Protein chains: 2
Amino acid sequence: METVVENQKIRTAKKLEKMFGHIDYKNPPELCPVRDVMSVASDQWSTLILLWLGFFHVLRFNKLKKYVYGISNKVLSQRLKVLEADGYLKRKAYKEVPIRVEYSLTEFGQTYVEKLLELTEWMQTNSPKVLANREKYGLL
Amino acid sequence: METVVENQKIRTAKKLEKMFGHIDYKNPPELCPVRDVMSVASDQWSTLILLWLGFFHVLRFNKLKKYVYGISNKVLSQRLKVLEADGYLKRKAYKEVPIRVEYSLTEFGQTYVEKLLELTEWMQTNSPKVLANREKYGLL
DNA sequence: TTCATAAGGTTACTTTTTGTAACTTACTCT
DNA sequence: AGAGTAAGTTACAAAAAGTAACCTTATGAA
């Protein structure tokens with residue numbers, strides 16, 4: 001039993017070595033694409049935007065704003081631009097009045113949402129544990 | 001071929017429905033534990049701290065600071081406190097002079113790091129694509 | 001014809017979060 | 001007595017995020 005956990009720890013460390021081991025830790029973030037890309041894609045607001053798009057497939061600006069509860073116009077529009085630039089979603093504007101704009105995932109974005117979903121499922125499963133830990137810690 | 005992708009999209013949306021579908025989107029973030037827990041654990045600095053701990057198993061404050069390149073004392077100590085409170089890592093202080101403090105993952109933290117690692121592997125695989133997208137977008 | 005409305009933002013201004021760098025503590029070694 | 005060391009903390013500056021008012025363009029009602 002113990003060794004199963006230990007072996008898992010070792011496997012994990014090996015993968016991390018593959019990822020970080022060859023990188024000189026003195027490198028600034030600009031030279032680490034993983035950090036760069038990750039900081040955009042796994043930002044809290046970006047995550048919520050992408051997940052809701054994964055759910056609805058197509059959403060307009062104001063609907064998105066409604067579902068990504070608490071986001072401001074400013075941040076929503078800024079994140080949508082960046083996520084579009086990075087290729088996760090596409091924007092389609094119809095020249096009607098008032099203007100209609102539809103956001104949806106690209107195929108690339110869809111694959112990312114699937115990964116993201118796994119993480120979110122972990123969160124869903126484990127958040128009670130975390131909240132319990134937090135409470136226990138509060139008493140110290 | 002098309003239908004495979006389509007079916008995947010539908011499966012994803014179904015999972016998302018399970019996660020978000022029953023939540024009234026008008027709920028503030030305080031009432032959504034998933035958002036709450038996730039905003040701590042998948043913060044950029046937290047992620048890096050946990051991954052490096054997954055790699056080294058035990059790290060002292062100043063070593064962590066060295067590997068989590070660019071983090072400030074202030075933010076590092078703040079994140080370590082929160083991650084400890086949430087149960088991802090443990091702090092062990094030795095009453096020597098100068099003081100020695102060792103940080104390591106809890107077993108719970110270890111399971112999270114494994115999930116996180118999958119996401120990071122995705123990033124590693126796909127960051128070239130994102131950088132390419134970004135460049136293409138820049139030309140528009 | 002003037003006015004209200006609507007979607008999808010943008011802008012100016014305030015508040016919060018981060019970053020920077022100097023300082024603290026407590027004991028040991030010179 | 002003074003320097004050095006690890007693990008932080010603190011005061012102040014810079015950057016990011018939140019807030020709320022405003023813009024655009026055209027349609028339909030008054």
Side-chain angles (χ1 to χ4, degrees), chain A residues 26-30 32 35-36 38-49 52-53 56 58-86 89-104 137 140, chain B residues 25-30 32 35-36 38-49 52-53 56 58-85 89-104 137 140:
Chain A
K26 291 191 215 72
N27 273 347
E30 305 86 86
C32 179
R35 275 182 70 167
D36 178 358
M38 202 152 162
S39 73
V40 169
S42 65
D43 157 89
Q44 195 202 167
W45 293 125
S46 300
T47 299
L48 288 169
I49 291 168
W52 281 116
L53 281 177
F56 283 108
V58 177
L59 279 172
R60 296 169 63 177
F61 190 90
N62 282 314
K63 277 280 181 196
L64 254 171
K65 198 187 159 191
K66 214 164 166 177
Y67 284 97
V68 182
Y69 190 85
I71 200 169
S72 64
N73 284 14
K74 195 177 86 170
V75 171
L76 177 54
S77 93
Q78 190 248 309
R79 288 298 190 287
L80 286 171
K81 268 179 207 160
V82 175
L83 291 171
E84 193 193 357
D86 279 10
L89 55 82
K90 44 186 184 287
R91 195 192 108 110
K92 189 165 183 183
Y94 298 85
K95 289 189 197 330
E96 304 171 356
V97 170
I99 189 172
R100 180 160 61 99
V101 179
E102 291 182 344
Y103 291 94
S104 56
Y137 188 86
L140 308 183
Chain B
Y25 61 79
K26 292 191 215 70
N27 273 345
E30 306 84 86
C32 180
R35 273 182 72 168
D36 177 358
M38 202 152 161
S39 72
V40 170
S42 66
D43 157 88
Q44 194 203 167
W45 293 124
S46 300
T47 299
L48 288 170
I49 291 168
W52 281 115
L53 281 177
F56 282 108
V58 177
L59 279 172
R60 297 169 63 176
F61 190 90
N62 282 314
K63 276 282 180 195
L64 255 171
K65 198 186 158 192
K66 214 163 166 177
Y67 285 98
V68 182
Y69 190 86
I71 199 170
S72 65
N73 283 15
K74 195 177 87 171
V75 171
L76 178 54
S77 93
Q78 189 248 311
R79 289 298 191 286
L80 286 170
K81 269 179 207 159
V82 176
L83 290 172
E84 191 193 357
L89 56 80
K90 44 186 186 288
R91 195 192 109 111
K92 189 166 182 183
Y94 297 86
K95 290 189 196 333
E96 305 171 355
V97 169
I99 190 173
R100 180 160 60 100
V101 179
E102 290 182 345
Y103 291 93
S104 57
Y137 189 85
L140 308 182

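Any value given below was found using the heavy atoms of this structure, including those in side chains, with hydrogens, waters and symmetry copies removed. All figures in this text were calculated on a predicted structure; none of them were measured in a lab.
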May I have the distance from [X] (atom [atom1]) to [N] (atom [atom2]), rounded to whole angstrom?
X      : N      : atom1 : atom2 : value
A/Y103 : C/dA7  : OH    : C1'   : 11 Å
A/L59  : C/dG8  : CG    : C1'   : 14 Å
B/N62  : D/dG8  : CG    : C1'   : 9 Å
B/K65  : C/dT18 : NZ    : P     : 17 Å
A/K95  : D/dT24 : NZ    : P     : 17 Å
A/L64  : C/dG9  : CG    : P     : 10 Å
B/I71  : C/dA21 : CD1   : P     : 16 Å
A/I99  : C/dT5  : CD1   : P     : 21 Å

Comparing A/D43 and A/V97 on DNA chain D - which has the more 5′ nearest nucleotide: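 Of the two residues, A/D43 wins.
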If you assign A/P98 and B/P98 each to the DNA chain D nucleotide with the nearest heavy atom, which residue ends up on the more 5' nucleotide?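 This one resolves to B/P98.
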Under 4.0 angstrom, heavy atoms only, what part of the nucleic acid is B/Y94 near: base, sugar-phosphate, or nothing?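 Nothing, no heavy atom under 4.0 Å.
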Which ones in residues 73-84 of chain A lie close to DNA chain C, meaning a heavy atom under 4.0 Å from one of its atoms?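 Residues of residues 73-84 of chain A that come under 4.0 Å of DNA chain C are, in numerical order, A/N73, A/K74, A/S77, A/K81.
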Phosphate OP1/OP2 of C/dG8 contacted by A/R60 side-chain N/O (<4.0 Å):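 So the side-chain polar atoms of A/R60 do come within 4.0 Å of the phosphate oxygens OP1 or OP2 of C/dG8, strictly under.
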Would you say a side-chain N or O of B/W45 is under 4.0 Å from OP1 or OP2 of C/dT17?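 B/W45 to C/dT17 OP1/OP2: no side-chain N or O under 4.0 Å.
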Given side chains that start at C-beta, do those of [X] and [Y] come closer than 4.5 Å, heavy atoms only?
X     : Y      : answer
A/Y67 : A/L48  : no
A/R91 : A/L80  : no
A/D43 : A/V82  : no
A/V68 : A/L76  : no
B/L89 : B/Y103 : yes

Closest-nucleotide ordering on DNA chain C, the 5'-leading residue of A/R100 and B/S72: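 Counting from the 5' end, the first nearest nucleotide belongs to A/R100.
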Can you list the residues that meet the side-chain contact (heavy atoms from CB on, under 4.5 Å) rule with A/S39, with sequence neighbours excluded?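 A/S39: side-chain contact (heavy atoms from CB on, under 4.5 Å) contacts with B/Q44.
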Could I get the full list of side-chain contact (heavy atoms from CB on, under 4.5 Å) partners for B/K90, not counting sequence neighbours?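 Checked B/K90 against side-chain contact (heavy atoms from CB on, under 4.5 Å); matches are B/S104, B/T106.
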